[in-house]
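Right, one structure below, let's go through it.
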Amino acid sequence: MTTDLVRSSAAELAGLIASGEASAVEVTRAHLDRIGAIDSRVHAFLHVDDEGALAAAADVDARRAAGETLGPLAGVPIAVKDVLTTKGVPTTAGSKILEGWRPPYDATIVRRLREAGLVILGKTNMDEFAMGSSTEYSAFGPTRNPWDLDRIPGGSGGGSAAAVAAYEAPLAIGTDTGGSIRQPGAVTGTVGAKPTYGGTSRYGLIAFSSSLDTPGPCARTIEDAALLHAVIGGHDPADSTSIPAPVPPVVEAAREGASGDLAGVRVGLVRQFAGEGAEPGVVAVFRETVEALVKLGAEVVEVSCPHFEYALPAYYLIAPSEASSNLARFDGVRYGLRVGDDGTHSLEEVMSLTRDAGFGPEVKRRIILGTFALSSGYYDAYYGQAQKVRTLIGRDFAAAFEQADVLIAPTTPFVAFPFGSRTGDPYQMYLADLFTIPSNLYGGPAISVPCGLSDGLPVGLQVMAPTMADDRMYRIGAALESVVPQLVPPAL
Amino acid sequence: MTTIAPLSYEQAIERYEPVIGLETHVELGTRTKMFCACPTDFGAEPNTQVCPVCLGLPGSLPVANRAAIEATIRIGLALNCTIASWSRFARKNYFYPDMPKDFQTSQYDEPLCVDGWLDVEVEGELVRVEIERVHLEEDTGKTLHLGGATGRIHGATESLVDYNRAGIPLVEIVTRPVPGTGSRAPLVARAYVTELRDVIRTLGVSDVRMEQGSLRCDVNVSLNRPGQEWGTRTETKNVNSLRSVERAVRSEIMRQAAVLDSGDRIVQETRHFSEDTGDTRPGRSKETATDYRYFPEPDLVPLAPDAAWVAELKAALPESPRLHRRRLQEAWGLSDHDMQSVLNAGAVELIEATIAAGASPDAARKWWMGELARRANETGTELSSLTSPEQVAALQRLVDEGKLTDKLARTVLEGVVAGEGTPAEVMAARGLEVVSDTGALTAAIDEAIAANPAVADKVRGGQVAAAGVLIGAVMKATKGQADAKTVRELILGRLGS
């Protein structure tokens, strides 16, 4: 029974709980047991909240017993990336500088999860402040890929993706600034969706790059991702950049797509991303996937997005610039780590010592990069220029969406790589987000859908849609899912 | 270092022309903070008016306060500015513990209001001060440094931070450089800040109290030889009263003139004004200034005030204080000097309201500028806290009706100020009404004449001045509650003079 429960989809679990075939407490306990059994090897979690989870599950069971109508995911366990604040539960953003901090408030998304009756199992590992593509920059040690424990699970949201892939949770919340939901999804064989920027609230999301950060769902099925998207999405008055519009009909689109009919759908193949820059195994799976889409009835057209090649450099100016400002507040004055407060150091020295001890190498690199890019005399050449590139990328998307309903590309150029193979050269690490970054700069939604294996490791297809047309990517994803066998990792 | 010989102000002005500029910060009186719903009450227990947003906790996000934006636009309109159709907040990045996020959400190259002016009167002449920009930002917290001699961070053993003020909306008003004011530069500076304060007070968007820090002023001064380019400027902070504005400009002109005279150069720097010594001391040098790395605030959407809304706000602006004063002065028939006294006492609105409540301009001014001003002065209280215009008007009505003499009215006013009730209630309770009962008066007069036959004879003989003794006796008998003028007439009539 336990094995069945942890391998069930969120939709199935919700059905079992709603019908009384399983209690939320049983479901939660099964997942906590699974975490207890394997997480010492996977290390997807930074903090497991057994007590809180069981209490939340018991509450759902009590409400059900009392005859209350519950939401479509009530009682379903979920893992939350450690970058979202959880009231009274440790929140570190993968950094030593926040070790031990217990936020006094819930992120809007966390609040919505609780209100919908989802059971929060704990907080998942990530690259420090979401800066990285492998979780190797987590201050608390990396997460391992359930497909091969010697390989990275992707990043920054490697913990959330691995937890879902390893059946520790049916659902997880990730955040995507340059690909941090989609790339981990691709390399762990799971679904990872980045909603339209502003479609999901950032309130309570510890900011890396405010104009790019987007929380979104991680799941094993398209339908589950859509169900979760519908729970967390929608306008939040506490986030000024939140879009005051209803969530696009993502669940309906996922169910429609599951029929496997894509007749009349125009799929744009981004010429610049169709072959170049990706390893041969990934390109091969991608081509097979394109053929599969054609078989489903889709019309594949080639589109050109000439400015996409500048996306990566523009991103590495905009994101670090915003980060250099967002991360200034970690100064040892109000919360988190404080170093050197022994009466022999000045205020400025305490701030410096704290930041020096509290931040890891990648975070420091980006703070310095961003500080430089915003400096007087360099602003126009770097930050200003990058913003212009951002505008041009938006225009590329707009032009491409004249010809196609969605765009496709591989999610990431390479499958899960071995630990240590890219940490020596930051640029090699940054390339992991080569194909995912354009959607962040544009603001539109994009999803990674498992589409096959290359040398036994998962490959993802990325589907990109126009802003607030998130439903389209779920439809394509569900159609593809109906013909691609589910990717099941080897037993742990 | 060269020795610097002091110069008198007159000498300084003879040799150099000053250029001044003013940066004023106004704390808005909105109910809630700029980017969160925390209250803004002054003087609350430290760190009780805070939340995740104004504490800058990780993950928190700002939401702009519409009332603050409206107030800023109204200030801009009152200062004859153009209201931007597109404006953005920007982050000003620097590390300081009283700034929770280690950046201040402010505005940089896209302020809400630009290119305005304010006319101020100096010694009877109008001087136009051009406004470069009016922008909106958030205030910082307050730091208290303990254990040091100076109250500054250096030498302190402990520093305490109160974040109640952090996030209170702050409007910054920046003038363009004002040249050509010569020896009147200090007066122009003072008149500008005074006028600005009155304009903002009239708008009702801030209590603009310098002593509480809701109006703060930085003074820029540079000097140049006549006909030459403008000199290097200094920025003087900590100028906390109107008088200090004037003194700071004056002392900085004298200091810079002496430095320049000695052949030295002026260092571009921030200086601090000292209320005690009346001069300025160097602060941090701007030549090694922080690079604030301004960039558009990505957590907030751009402001694009609707033209119709701006037009509506403009149409609803109150009359400017200067024109309003001019109109009142004419209506009240006051000399420039008398009007100035009323202004200095902060009694314009009180007198206006008292007139509105039925008193004559003369009577209204007499009460507020006389008895009440004296009392406010003696007790160090606000004029407006003593009593209300309605009470003053009611008091005057009793005088006009002959129920109180001026002298009695002053006594009644004492009771009103002491909180004993309305003028009528105080009059009744203390039994102060004028004795107008002719029978009672006649008896008292008869008694006085009978008791002072010699005096009565003198009066009968034409020595009218001698009647004073009889009047005094009657007043004494009626405990001062008779109208002396009436008594006098009655006595003279009785004695046939």
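Order of the sequence lines sets the chain letters (A, B, ...), proteins ahead of strands, with each chain counted from 1.
Looking at every heavy atom in both residues, B/P298 comes nearest to A/R202 through O-NH2, 4.1 Å. Of all heavy-atom pairs between B/R91 and A/S210, the closest is NH2-OG, 3.6 Å. Heavy atoms only, all atoms of each residue included: B/V301 and A/S240 are closest at CG1-O, 3.5 Å. For A/R329 against B/G56, the heavy-atom pair with the smallest separation is NH1-O, 3.0 Å. Here the shortest heavy-atom pairing between A/P104 and B/L57 reads CG-CD1, 3.4 Å.
The shortest side-chain heavy-atom distance between A/L347 and B/P97 falls under the 4.5 Å cut-off. Taking 4.5 Å as the limit, some side-chain heavy atom of A/W101 sits within range of a side-chain heavy atom of B/P58. The shortest distance between side-chain heavy atoms of B/V53 and A/Y203 falls below 4.5 Å.
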Exercise for the section: Please step through ring pair (Phe, Tyr, Trp, His ring centres under 6.0 Å) for the pair A/Y383 and B/F295, ending with a clear verdict. Expected result: CA-CA 9 Å; A/Y383 186 79; B/F295 73 105; 5.7 Å; yes
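Annotation: the span from A/T241 atom OG1 to B/E297 atom CD amounts to 10.0 Å, rounded to 0.5 Å. One distance of note links CG of A/L205 with CG of B/L61; it measures 8.0 Å at 0.5 Å rounding. For the atom pair B/K92 NZ and A/S325 OG, the distance stands at 13.5 Å (nearest 0.5 Å).
Both the backbone and the side chain of A/N326 come within less than 4.5 Å of a heavy atom in chain B. For A/S375, the parts lying under 4.5 angstrom from a heavy atom of chain B are both the backbone and the side chain. Interface remark: B/N93 contributes side-chain atoms only to the contact with chain A (heavy atom separation under 4.5 Å). Neither the backbone nor the side chain of A/T91 has a heavy atom closer than 4.5 Å to any heavy atom of chain B. If you measure heavy-atom distances from A/A107 to chain B, you find no contacts under 4.5 Å at all. For B/Y94, no part lies under 4.5 angstrom from a heavy atom of chain A. Within the 4.5 angstrom heavy-atom criterion, no atom of A/P103 approaches chain B.
Comment: B/D102 engages A/R334 in a salt bridge, judged by a side-chain N to carboxylate O separation of less than 4.0 angstrom.
The greatest number of non-hydrogen atom pairs below 4.5 Å with chain B, out of A/A207, A/S211, A/G204, A/G336, is found for A/G204. No other option in A/L212, A/D213, A/T371 has as many heavy-atom pairs under 4.5 Å with chain B as A/T371.
When atom types are taken as modelled, the side chain of A/Y105 and the backbone of B/C51 share no donor-acceptor pair closer than 3.5 angstrom.
For CD of A/E348, the number of neighbouring non-hydrogen atoms (other residues, nucleotides, ligands) closer than 6.0 Å is 12 at most. When the shell of 6.0 Å around OH of A/Y378 is examined, it contains 12 or fewer heavy atoms from other residues, nucleotides or ligands. Counting non-hydrogen atoms of neighbouring residues, nucleotides and ligands closer than 6.0 angstrom, the CZ atom of A/F140 exceeds 12 such neighbours.
Side-chain atoms of B/R293 and A/Y379 include no donor-acceptor pair closer than 3.5 Å.
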